[in-house]
Student: 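Starting off with a structure, shown below.
Quick note: residue numbers are just sequence positions, from 1. Note that this is a predicted model, so its numbers are computed, not measured. Worth knowing before you read on, the calculation uses all heavy atoms, side chains too, and leaves out hydrogens, waters and symmetry mates.
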Amino acid sequence: MTQFDVDLFVIGAGSGGVRAARIAANYGAKVMIAEEDRVGGTCVIRGCVPKKLMVYASRFADEFHDAAGFGWTVGETNFDWATLIRNKDREIDRLEGIYRANLEKAGVETINSRAVIEDAHTVHILKTGERIRARYILVAVGAHPTMDPPIPGGELGITSNEVFHLETQPRRIMVIGGGYIAVEFAGVFAGLGSEVTLVHRGDRLLRGFDEDVRDALGEAYAQRGINLALKTTVTRLDKNADDIDVTLSSGSVVTVDQVLVATGRRPNTKGLGLEKAGITVDEVGAIPVDGYSRTLIPSIFAVGDVTNRVNLTPIAIREGHAFADTVFGGKPTIIDHDLIPTAVFSTPEIGVIGCGEAAAREIYGEIDVYKTAFRPMKATLSGGSERVLMKLVVDKTTDKVVGVHIMGNDAGEMIQLAGIAVTMGATKADFDRTVAVHPTAAEELVTMRTPVVIKKPIAVG
Ligand code: NDP
């Protein structure tokens, strides 16, 4: 009899855990995966996928409006929240089914229970009381939304976990935060016709993004009618019979139907038994790992948001895959977390790869910046006021494009493709010799010829 029941026990059937389990099983490992909630994790069940469906829903209002300039008469339009939620739920059920089926097809045993670690090789299945001995344990339990520090009445707010299941569309909603989730849902609800107030402690949205993109999104959101309360925090929430009074740091009180708290996420490491195995989490609760996703305990690995490296689905998937290649495939693989294309599904959408202008200047010293902002062709007839922003940041020494920043329709689609070029190390000359596709918005990426003049700070003394 072998010393272990399984070769691999994965805790958490989200993007990272499922990928790791399937690839390890493909290599011939005996694999079990435990999930206390639904299979699919944050991305499929309460994140990227349902969010994107809601983003699509929110953009029809613009289309109806734009149609008139092209000769269409669109009759009276009406949005039904319940239909959207029902159809979205059906699609999520379908996807969960596919995830479960794929695990089964790969020969992975799925356990519907919370599982906690007891020591370097033992996992306790809480539902059955069973203890499984595993050669390797992979922790892929993800993260959860938080508000830290909490505010009085904070429990009246909802998070991105609940927003997908509201029974009715809030007529007035406040969104707290200025990150990915806050700007995406502010855009969704504004598009669906809710009155949106976005409260953010910073002076601009999306800290860490290029400053021009941040400015442009702020302007676009204000133009779309979103009330932006910047440099503002929420001090308390008070429940009324039918709505919620939100007191702001400015002293003003805003009355809304829902408050969406989108102030960041924390790893799900509480009560997981990590300390019993000798693993100490960091100050935000994340599991420290090396480039191979290995913890200090050689039999325990961790991937995805629970490690708080780059908290994006495709990265969790890559980390999970690399773990399986390393441990079961004989191909030690380290994931490069440096050059990651990403999209924010705000409306207008944002797509980014590489450095912003300020960060590039710090890293590369001498840079060239190419920038264009224009009215998209469709807006000429629709009369829309939207703008497209495109920006290239180029390392002057090597001519390499080290940053691409796009705001406008389909920016997510564009950045995926521009991302290939940047990942390959394309230079500005490579962009220049690429023939434009006309008439598109994306052609501007290959037709910008003159760098913007960068004002140097005047030396004093
Ligand atoms: P983010 O870290 O992106 O943003 C959190 C926001 O909340 C920031 O604006 C932050 O302000 C603010 N904040 C933090 N603490 C407080 C507080 N106590 N009071 C007031 N404001 C506060 O987190 P999200 O929750 O939006 O998203 C989590 C992660 O999920 C993202 O970072 C991203 O990695 C991922 N994600 C990716 C998506 C995509 O790829 N499209 C979509 C959604 C999520 P400040 O900037 O000042 O720190």
Student: What's the verdict on ring-ring contact (aromatic ring centres under 6.0 Å, His included) for Tyr180 and Phe185, showing C-alpha distance, side-chain angles and the deciding distance?
Tutor: CA-CA 9 Å; Tyr180 276 81; Phe185 277 102; over 10 Å; no
Student: CG/Leu217 to CD1/Ile226 distance, rounded to the nearest 0.5 angstrom?
Tutor: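 Answer for the CG-CD1 pair, Leu217 versus Ile226, is 8.0 Å.
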Student: Taking NZ, NE, NH1 and NH2 as the nitrogens, is one of them in Arg86 or Glu91 under 4.0 Å from a carboxylate oxygen of the other?
Tutor: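 Not counted as a salt bridge, because no side-chain N and carboxylate O are separated by less than 4.0 Å.
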Student: Could you pull out the closest heavy-atom pair between Lys276 and Ile117, with the gap in Å?
Tutor: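 In terms of heavy atoms, the two residues are closest at CD-O, 4.1 Å.
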Student: Strictly distance-based, threshold 3.5 Å: is any side-chain N or O of Thr326 a donor or acceptor partner for the main-chain N or O of Thr333?
Tutor: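 Side chain of Thr326 to backbone of Thr333, a donor-acceptor pair under 3.5 Å: yes, one is there.
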Student: Does the Asn240 side chain pair with the main chain of Asp242, one donor and one acceptor, at a distance under 3.5 Å?
Tutor: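 Here the side-chain-to-backbone pair does not exist.
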Student: Is it the case that more than 12 heavy atoms not belonging to Tyr56 sit under 6.0 Å from its OH atom?
Tutor: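 At most 12 heavy atoms, drawn from other residues, nucleotides or ligands, come within 6.0 Å of this atom.
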Student: Could Glu104 and Arg100 be called an ion pair, given the rule that one side-chain N must be under 4.0 Å from one carboxylate O?
Tutor: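 Salt bridge: no.
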Student: To the nearest 0.5 Å, tell me how far Ile111 CD1 sits from Glu36 CD.
Tutor: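 The CD atom of Glu36 is 13.5 Å from CD1 of Ile111, to the nearest 0.5 Å.
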Student: Report the C-alpha separation of Leu272 and Val139 in whole Å, then their side-chain angles, then the decisive distance to 0.1 Å, and conclude whether the side chain to side chain contact (heavy atoms under 4.5 Å, CB included) test is met.
Tutor: CA-CA 9 Å; Leu272 204 59; Val139 183; 3.6 Å; yes
Student: Is the closest side-chain heavy-atom distance between Val183 and Val344 below 4.5 Å?
Tutor: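 When only atoms from C-beta onward are counted, Val344 and Val183 do touch, with a gap below 4.5 Å.
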Student: Taking all atoms of both residues into account, what is the closest heavy-atom pair of Pro348 and Arg224, and its distance?
Tutor: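 Distance-wise, the nearest heavy atoms are CD-CD, 4.4 Å.
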Student: So, Asp395 and Lys400, do they make that salt bridge, N to O below 4.0 Å?
Tutor: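 Looking at Lys400 together with Asp395, the answer is no, because their closest N to O distance does not fall below 4.0 Å.
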Student: Do Asp212 and Leu389 have side chains that approach each other closer than 4.5 Å (heavy atoms only, starting at C-beta)?
Tutor: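 Yes. Closest side-chain heavy atoms under 4.5 Å.
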Student: Under 4.5 Å between any side-chain heavy atoms of Asn161 and Pro145, yes or no?
Tutor: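 A side-chain contact exists here, since the closest heavy-atom pair is under 4.5 Å.
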Student: Please confirm whether the backbone N or O of Thr247 pairs with a side-chain atom of Thr235, one donor and one acceptor, at under 3.5 Å?
Tutor: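 A pair under 3.5 Å: yes.
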Student: Mind checking the CG-CD1 spacing from Asp80 to Ile85? Nearest 0.5 Å is all I need.
Tutor: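 One gets 10.0 Å once the value is rounded to the nearest 0.5 Å.
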Student: Which pair of heavy atoms, one from Val422 and one from Leu339, lies closest together, and at what distance?
Tutor: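 Scanning both residues, the minimum pair turns out to be O-CD2, 3.8 Å.
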Student: Evaluate the side-chain proximity of Val327 to Tyr292: yes if any heavy-atom separation is below 4.5 Å, no if none is.
Tutor: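 No, too far: nothing below the 4.5 Å cut-off.
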Student: Determine, step by step, whether Val18 and Asn102 satisfy the side chain to side chain contact (heavy atoms under 4.5 Å, CB included) criterion, reporting the C-alpha distance in whole Å, the side-chain angles of both residues, the deciding distance to 0.1 Å, and the verdict.
Tutor: CA-CA 9 Å; Val18 167; Asn102 285 345; 6.0 Å; no
Student: Is there a donor-acceptor contact under 3.5 Å from the side chain of His200 to the main chain of Leu230?
Tutor: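 Not a single qualifying donor-acceptor pair exists.
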Student: Is it true that a side-chain atom of Asp430 and a backbone atom of Thr427 form a donor plus acceptor pair closer than 3.5 Å?
Tutor: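 Yes; judged by distance alone, with no hydrogens or angles, the pair exists.
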Student: Measure the spacing between OG1 of Thr122 and CZ of Phe9 and express it to the nearest 0.5 Å.
Tutor: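 If we round to the nearest 0.5 Å, Thr122:OG1 and Phe9:CZ are 11.0 Å apart.
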Student: Can you check side chain to side chain contact (heavy atoms under 4.5 Å, CB included) on Val123 and Val116, steps first, answer last?
Tutor: CA-CA 6 Å; Val123 177; Val116 297; over 6 Å; no
Student: Just verifying a value: how many Å separate Ser113 OG and His124 NE2, rounded to the nearest 0.5 Å?
Tutor: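 With rounding to 0.5 Å, OG (Ser113) is 8.0 Å from NE2 (His124).
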Student: Side-chain contact test, heavy atoms from C-beta onward, threshold under 4.5 Å: evaluate it for Arg204 versus Glu211 and give yes or no.
Tutor: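 They are in contact (side-chain heavy atoms under 4.5 Å apart), so the answer is yes.
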Student: Take Ile350 and Phe345, measure what side chain to side chain contact (heavy atoms under 4.5 Å, CB included) needs, and give me the verdict at the end.
Tutor: CA-CA 7 Å; Ile350 293 168; Phe345 294 99; over 6 Å; no
Student: Kindly list each side-chain donor-acceptor pair under 3.5 angstrom involving residues 46-54, sequence neighbours excluded, with atom names and distances?
Tutor:
from: Arg46; atom 1: NH2; to: Asp37; atom 2: OD1; distance (Å): 3.3
from: Lys51; atom 1: NZ; to: Glu184; atom 2: OE1; distance (Å): 2.7
from: Lys51; atom 1: NZ; to: Glu184; atom 2: OE2; distance (Å): 3.4

Student: Looking at Asp148 and Arg266, is there a salt bridge between them, counting it only when a charged N and a carboxylate O are closer than 4.0 Å?
Tutor: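 Judged by the 4.0 Å cut-off on N to carboxylate O distance, Arg266 and Asp148 do form a salt bridge.
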Student: With no hydrogens and no angle check, is any side-chain donor or acceptor of His405 less than 3.5 Å from a backbone partner on Gly354?
Tutor: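 Here the side-chain-to-backbone pair does not exist.
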Student: Taking the six-membered ring for Trp and the single ring otherwise, decide whether the centroids of Tyr136 and Phe323 are under 6.0 Å apart.
Tutor: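 Here the rings of Phe323 and Tyr136 have centres that are no less than 6.0 Å from each other.
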Student: Which pairs would a plain distance check flag for residues 409-420, meaning a side-chain donor or acceptor within less than 3.5 Å of a matching protein atom at least two apart in sequence or in another chain?
Tutor:
none

Student: Okay, side chain of Glu162, backbone of Thr159: is any donor-acceptor separation there less than 3.5 Å?
Tutor: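 Looks like yes, one N/O pair under 3.5 Å.
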Student: Do the charged groups of Lys88 and Asp93 touch, with an N to O distance under 4.0 Å?
Tutor: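 A salt bridge is absent here (no side-chain N lies under 4.0 Å from a carboxylate O).
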Student: Taking NZ, NE, NH1 and NH2 as the nitrogens, is one of them in Asp7 or Arg135 under 4.0 Å from a carboxylate oxygen of the other?
Tutor: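 Here Asp7 pairs with Arg135 in a salt bridge, since their nearest N and O are under 4.0 Å apart.
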Student: Would you be so kind as to tabulate the donor-acceptor pairs closer than 3.5 Å made by side chains of residues 187-197, with sequence neighbours excluded?
Tutor:
from: Ser194; atom 1: OG; to: Gln169; atom 2: NE2; distance (Å): 2.9
from: Ser194; atom 1: OG; to: Pro170; atom 2: O; distance (Å): 2.6
from: Thr197; atom 1: OG1; to: Asn227; atom 2: ND2; distance (Å): 3.4

Student: Can you tell me how far CD1 of Ile287 sits from CG of Asn268, rounded to the nearest 0.5 angstrom?
Tutor: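 Those atoms lie 10.0 Å apart.
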Student: Restricting to side chain to side chain contact (heavy atoms under 4.5 Å, CB included), what partner residues turn up for Thr233, sequence neighbours left out?
Tutor: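 Thr233 satisfies side chain to side chain contact (heavy atoms under 4.5 Å, CB included) with Arg201, Ser249 only.
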Student: Do Ile132 and Ile125 have side chains that approach each other closer than 4.5 Å (heavy atoms only, starting at C-beta)?
Tutor: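 The answer is yes; the side chains approach within 4.5 Å.
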Student: Looking at every non-hydrogen atom in both residues, tell me the closest pair between Ile367 and Ala360 and how far apart they are.
Tutor: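 Looks like CG2-O, 3.9 Å.
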Student: Please check: side-chain N/O of Asp290 versus main-chain N/O of Arg294, any donor-acceptor pairing under 3.5 Å?
Tutor: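 Pair found, side chain donor or acceptor close to backbone of Arg294.
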Student: Please report, to 0.1 Å, the donor-acceptor pairs under 3.5 Å made by any side chain of residues 299-308, with sequence neighbours excluded.
Tutor:
from: Ser299; atom 1: OG; to: Ala120; atom 2: O; distance (Å): 2.7
from: Thr307; atom 1: OG1; to: Gly304; atom 2: O; distance (Å): 2.7
from: Thr307; atom 1: OG1; to: Arg309; atom 2: NE; distance (Å): 3.0
from: Asn308; atom 1: OD1; to: Asn311; atom 2: ND2; distance (Å): 2.9

Student: Do Arg131 and Asp5 come within less than 4.5 Å of each other through their side chains, counting heavy atoms only?
Tutor: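 No. Closest side-chain heavy atoms not under 4.5 Å.
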Student: Under 3.5 Å, is there a donor on one side chain and an acceptor on the other for Arg19 and His321?
Tutor: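 Side-chain D/A pair, Arg19 to His321: present.
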Student: If you take all heavy atoms of Val6 and Lys30, which pair is closest and at what distance?
Tutor: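 Reported closest heavy-atom pair: CB-O, 3.6 Å.
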Student: Quick check: do Asp119 and Arg133 have side-chain heavy atoms less than 4.5 Å from each other?
Tutor: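 SC-SC contact between Asp119 and Arg133 confirmed.
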Student: Has His337 got more than 12 heavy atoms of other residues, nucleotides or ligands less than 6.0 Å from its NE2?
Tutor: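 Result for NE2/His337: enclosed.
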Student: Return yes if some donor-acceptor pair links the side-chain N/O of Asp257 with the main-chain N/O of Ile173 below 3.5 Å, else return no.
Tutor: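 No, the answer is negative, given that no donor and acceptor are paired below the 3.5 Å cut-off.
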Student: Is there a donor in the side chain of Asp245 and an acceptor in the side chain of Thr255, or the other way round, less than 3.5 Å apart?
Tutor: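 Looking only at side-chain atoms, Thr255 and Asp245 do form a donor-acceptor pair, the distance falling under 3.5 Å.
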Student: Can you name the nearest heavy-atom pair linking Leu198 to Ala182, along with the distance?
Tutor: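 Smallest interatomic distance, heavy atoms only, reads CD1-O, 4.1 Å.
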Student: Can you list every salt bridge (charged side-chain N to carboxylate O under 4.0 Å, His left out) pair that touches residues 226-240, not counting sequence neighbours?
Tutor: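 Every pair satisfying salt bridge (charged side-chain N to carboxylate O under 4.0 Å, His left out) with a residue in residues 226-240: Arg236-Asp238.
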